[in-house]
Amino acid sequence: MKRFLLADDHALIRFAIKNLLMDHFLDLQVEEVGDAIVLLDKVMKEKWDLVITDIDMPGPGALEVLPLIKQHSPALPVLVLSIHREELYAVRALKAGAAGFIGKDTVMEELIKAVHTALRGKKYIPPSIAERLVHTVENNPAAHPHENLSDRELGILRLIASGMTLSEIATELSLAVATISTYRSRILKKLNLKTNAALMQYAIAHRLL
């Protein structure tokens with residue numbers, strides 16, 4: 001029996017993906033978790049054949065726990081799902097060790113192909129995303145400032161741009177407010193910006209939300 005671990009904070013999405021997997025794979029067990037902390041704990045304590053995780057969940061995101069997962073279980077394939085801008089997050093996910101990156105808008109059509117590919121030990125990138133990555137490289141040879149942000153900094157940028165206060169972000173990520181303030185200062189410096197309003201405008205202009 002194969003064992004898949006499915007991580008997403010939306011129960012309806014987990015339900016849909018689980019049913020899709022059960023329809024296509026015989027003798028399969030799918031266990032569900034709703035955040036990255038539990039995902040990491042499950043990977044550390046149990047044996048899995050495949051992990052499928054949303055990129056954004058409460059607390060640390062998939063990009064932050066993925067290196068820890070790969071450090072503990074280098075051979076464990078991890079597929080990352082996202083509704084966000086593919087050409088930015090796909091590269092980050094693959095660099096962090098993901099076996100594939102799939103946009104949620106095409107998940108039903110692409111997921112089964114991705115699972116089969118990952119189980120064979122290969123990386124899966126849907127053609128649509130591959131084309132966008134090539135287009136991005138060809139038309140944007142100079143990196144945007146946000147591409148120099150760490151995964152944590154990028155995540156906090158998005159939370160600030162969404163209107164959350166530093167206290168709310170600290171609670172969401174289980175960090176001290178002072179730590180979030182330090183991250184904010186680093187982000188502003190790297191992007192050469194001064195205010196949260198400027199961060200919001202930047203995020204909207206570069207489609208980071």
Side-chain angles (χ1 to χ4, degrees), residues 1-130 132-133 151-152 154-155 158 172-174:
M1 174 181 289
K2 291 192 179 298
R3 301 186 72 222
F4 292 179
L5 182 58
L6 173 61
D8 196 295
D9 58 322
H10 294 97
L12 285 177
I13 292 178
R14 295 199 307 268
F15 177 79
I17 294 176
K18 180 177 180 178
N19 282 345
L20 180 68
L21 293 170
M22 298 298 290
D23 285 343
H24 284 81
F25 293 91
L26 298 176
D27 200 23
L28 174 66
Q29 176 188 355
V30 179
E31 187 163 339
E32 306 171 39
V33 298
D35 64 70
I37 296 297
V38 179
L39 166 64
L40 184 58
D41 183 65
K42 288 280 188 182
V43 170
M44 297 295 183
K45 293 180 178 178
E46 302 178 43
K47 182 176 176 57
W48 306 94
D49 295 290
L50 178 74
V51 170
I52 302 172
T53 178
D54 184 20
I55 202 167
D56 272 335
M57 290 180 287
L63 290 181
E64 293 182 64
V65 301
L66 185 51
L68 300 176
I69 291 175
K70 299 306 292 184
Q71 182 179 359
H72 180 269
S73 304
L76 176 62
V78 180
L79 294 175
V80 175
L81 310 179
S82 177
I83 62 172
H84 300 301
R85 185 180 172 190
E86 289 90 348
E87 59 266 34
L88 172 61
Y89 289 95
V91 171
R92 287 177 177 262
L94 293 169
K95 284 184 176 179
F101 183 95
I102 311 166
K104 279 188 174 179
D105 56 343
T106 59
V107 65
M108 296 305 175
E109 294 78 10
E110 301 287 350
L111 183 58
I112 300 304
K113 294 180 184 177
V115 170
H116 283 297
T117 301
L119 290 175
R120 294 197 303 269
K122 299 183 180 298
K123 289 188 180 292
Y124 180 84
I125 305 176
S128 60
I129 293 179
R132 293 181 192 179
L133 290 174
D151 294 331
R152 172 71 86 178
L154 181 62
R158 292 183 56 252
E172 173 77 12
L173 300 180
S174 300

Q: If you define the side chain from C-beta out and look only at heavy atoms, does anything of I52 sit under 4.5 Å from V115?
A: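 Yes; the side chains approach each other to less than 4.5 Å.
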Q: With rounding to the nearest 0.5 Å, note down the distance linking CG in L21 to CG in L111.
A: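 Taking CG in L21 and CG in L111, the distance rounds to 5.5 Å.
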Q: For the CG atom of L39 and the CG atom of L5, what is their distance to the nearest 0.5 Å?
A: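 It is 5.5 Å, given to the nearest 0.5 Å.
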Q: Could you work out, with salt bridge (Lys or Arg N to Asp or Glu O under 4.0 Å) as the rule, every residue matching K45, not counting sequence neighbours?
A: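 Scan of K45 (salt bridge (Lys or Arg N to Asp or Glu O under 4.0 Å), adjacent residues dropped) gives D41.
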Q: Report yes if some heavy atom in the side chain of K2 is under 4.5 Å from a heavy atom in the side chain of L119; otherwise report no.
A: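 Result yes, sub-4.5 Å side-chain heavy-atom pair found.
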Q: Could you state the interatomic distance from NZ (K18) to CZ (F4), rounded to the nearest 0.5 Å?
A: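 K18 NZ to F4 CZ: 13.0 Å, rounded to 0.5 Å.
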Q: With a 4.5 Å cut-off on side-chain heavy atoms, are K42 and W48 touching?
A: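 Of all side-chain heavy-atom pairs linking K42 with W48, at least one is under 4.5 Å.
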Q: What I'd like to find out is whether the side chain of L173 reaches to under 4.5 Å of the side chain of R152, using heavy atoms alone.
A: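 Yes, their side chains come closer than 4.5 Å.
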Q: Looking only at heavy atoms, which two atoms of D56 and D9 are closest? And how far apart?
A: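 Shortest heavy-atom contact: O-OD1, 3.6 Å.
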Q: Quick one: closest heavy-atom pair of R14 and L6, and the distance?
A: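 Looks like O-CD2, 3.5 Å.
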Q: Rounded to the nearest 0.5 Å, how far does CG of L12 lie from CD1 of I17?
A: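 Going from the CD1 atom of I17 to the CG atom of L12 covers 11.0 Å.
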Q: Any non-hydrogen side-chain atom of V43 less than 4.5 Å from a side-chain atom of V65?
A: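 No, every pair of side-chain atoms sits at 4.5 Å or beyond.
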Q: If you measure from CG on D49 to CZ on R3, what distance do you get to the nearest 0.5 Å?
A: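 Separation between the atoms: 8.5 Å.
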Q: Evaluate side chain to side chain contact (heavy atoms under 4.5 Å, CB included) for R92 paired with L154, printing each intermediate quantity in order.
A: CA-CA 11 Å; R92 287 177 177 262; L154 181 62; 3.5 Å; yes
Q: For residues A93 and F101, report the shortest heavy-atom separation together with the two atoms involved.
A: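 The answer is CB-CD1, 3.7 Å.
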Q: Give the table of side-chain donor-acceptor pairs shorter than 3.5 Å for residues 66-81, with sequence neighbours excluded, one pair per line with atom names and distance.
A:
| from | atom 1 | to | atom 2 | distance (Å) |
| --- | --- | --- | --- | --- |
| K70 | NZ | P74 | O | 2.9 |
| K70 | NZ | L76 | O | 2.7 |

Q: Are F25 and I112 packed together at the side-chain level, in the sense that at least one heavy-atom pair is separated by less than 4.5 angstrom?
A: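 When only atoms from C-beta onward are counted, I112 and F25 do touch, with a gap below 4.5 Å.
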Q: Using a 3.5 Å distance criterion without hydrogens, assess whether the side chain of K123 forms a donor-acceptor pair with backbone atoms of A98.
A: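 Judged by distance alone, yes, a pair lies under 3.5 Å.
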Q: Roughly how far, to the nearest 0.5 Å, is the OG1 atom of T117 from the NZ atom of K122?
A: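 Here the interatomic distance stands at 9.0 Å.
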